[in-house]
Amino acid sequence: ILMLSTVVLLSIAIWLAYFFAGKAMVPIKKSYARQVEFTTNASHELRTPLSVIHSSVELLEECKDTLPEFEQHILDSLQDEVKRMIRLVESLLTLARSDSKSLPIKMEKVDLVQVSHQMYQAIQPLALVKGIILKLDAPVIEHELTYIHGNLDQIKQLVYILLDNAIKYTPPGGQVMISYRTSQDGKPTLQIADTGIGIPREELARIFERFYRVDKARSRELGGAGLGLSIAADILSSHGAYIHVTSEEGKGSIFEIEFQSEPISV
Ligand code: ADP
């Protein structure tokens, strides 16, 4: 009888726990949705006044030469900061969008070799300004499967984030390389390698966290908000792709993305 009543009591306790946990899930879900909605709205609302400030500063830049030296410096830092805020707001918006999952992403046939070429072109000016040698190794090989099933905008954004970081964290004179290859087990892979400052081993596990930066002061100086890689992680997970990071301090980093090689209906 004692055993039986223990079992009955335990079952009731488990059932009650499930019941209340289920009830508690609803408000948590609701407040999460509200938080996502708030972030989306706030980023949207901030974009317009920021764009106005940005274009006004651009206008002032045109007559910069007529200003005294001190004012010229103020104008320059105003320009840098407003650009940084725009980047931050854009990143927040992207995060809120990927959080909401309400917008179904359009999956299509994406040619990774073509994306590599396009992103190489897009990032070239940034590399030039910083004096970094940018290399591309993604030959167009006939009959080779270089396609994946994905969202073109997101894949471009993913590659851009990694290239932008590679340039940001590589001193002038260094090298950044984007390459495409098929892995031994037939998986399409993209590799973004740099000869930059590298990432300490103990920090590697955390770099994909939101707002995480290895060296806060230095990253802020370089314009980072610690959001790029967390956006990259969201894109990777929505594509069932994996990333592998190898890095050595003072030598450089390699970010290797391995995509799914499922057959794609052409
Ligand atoms: P951020 O906007 O600060 O660059 P990310 O989320 O893109 O944010 O990256 C997180 C942190 O990881 C960066 O602040 C930087 O410290 C480190 N990191 C990312 N990519 C590289 C790289 N290629 N070389 C060295 N450090 C990097």
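Not measured: the values here are computed from a predicted model. All ligand and atom numbering here is 1-based and tracks the order in the structure.
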Show me the donor-acceptor pairs, under 3.5 Å and distance only, between side chains in residues 67-75 and residues at least two apart or in other chains.
| residue | atom | partner | partner atom | Å |
| --- | --- | --- | --- | --- |
| Q72 | NE2 | K64 | O | 3.1 |
| Q72 | NE2 | L67 | O | 3.0 |

Worksheet item: Any idea which atoms of ligand 1 are less than 4.0 Å away from a heavy-atom of S253?
Response: 24 (N)
Discussion item. For D194, which part has a heavy atom under 4.0 Å from ligand 1: side chain, backbone, both, or neither?
Written reply: side chain
Practice prompt. Mark yes or no for whether Q260, through its side chain, and G240, through its backbone, hold a donor-acceptor pair below 3.5 Å.
Written response: yes
Practice prompt. Indicate yes or no: does an N/O atom of N165 lie under 3.5 Å from an N/O atom of ligand 1?
Written response: yes
Worksheet item: Looking at residues at least two apart in the chain, or sitting in another chain, which of them share a side-chain contact (heavy atoms from CB on, under 4.5 Å) with D80?
Response: none
Practice prompt. Could you tell me whether ligand 1 has any atom less than 4.0 Å away from a heavy atom of G196?
Written response: no
Worksheet item: Is it true that R84 and E81 make a salt bridge, defined as a side-chain N closer than 4.0 Å to a carboxylate O?
Response: yes
Worksheet item: Would you say I199 has any N or O atom under 3.5 Å from an N or O of ligand 1, going by distance alone?
Response: no
Worksheet item: With backbone taken as N, CA, C and O and side chain as the heavy atoms from C-beta onward, which portion of K168 lies under 4.0 Å from ligand 1: side chain, backbone, both, or neither?
Response: side chain
Worksheet entry | Those atoms of ligand 1 less than 4.0 Å from some heavy atom in V214 | 14 (O), 16 (O), 17 (C)
Worksheet item: Do you know which of N165, I197, I133, I132 makes side chain to side chain contact (heavy atoms under 4.5 Å, CB included) with T170?
Response: I132
Worksheet item: Can you tell if the side chain of E108 reaches within under 4.5 Å of the side chain of H149, non-hydrogen atoms only?
Response: no
Discussion item. Using only atom types and a distance under 3.5 Å, with no angle test, would you say the side chain of H244 pairs donor to acceptor with the backbone of I254?
Written reply: no
Worksheet item: Given that the side chain starts at C-beta and the backbone is N, CA, C, O, which of these parts of I207 lies under 4.0 Å from ligand 1, counting heavy atoms, or is it both or neither?
Response: both
Worksheet entry | Selection from F211, F208, Y169, F255 by shortest heavy-atom distance to atom 24 (N) of ligand 1 | Y169
Worksheet entry | Atom indices of ligand 1, in the order listed, that fall short of 4.0 Å to a heavy atom of Y212 | 10 (C), 11 (C)
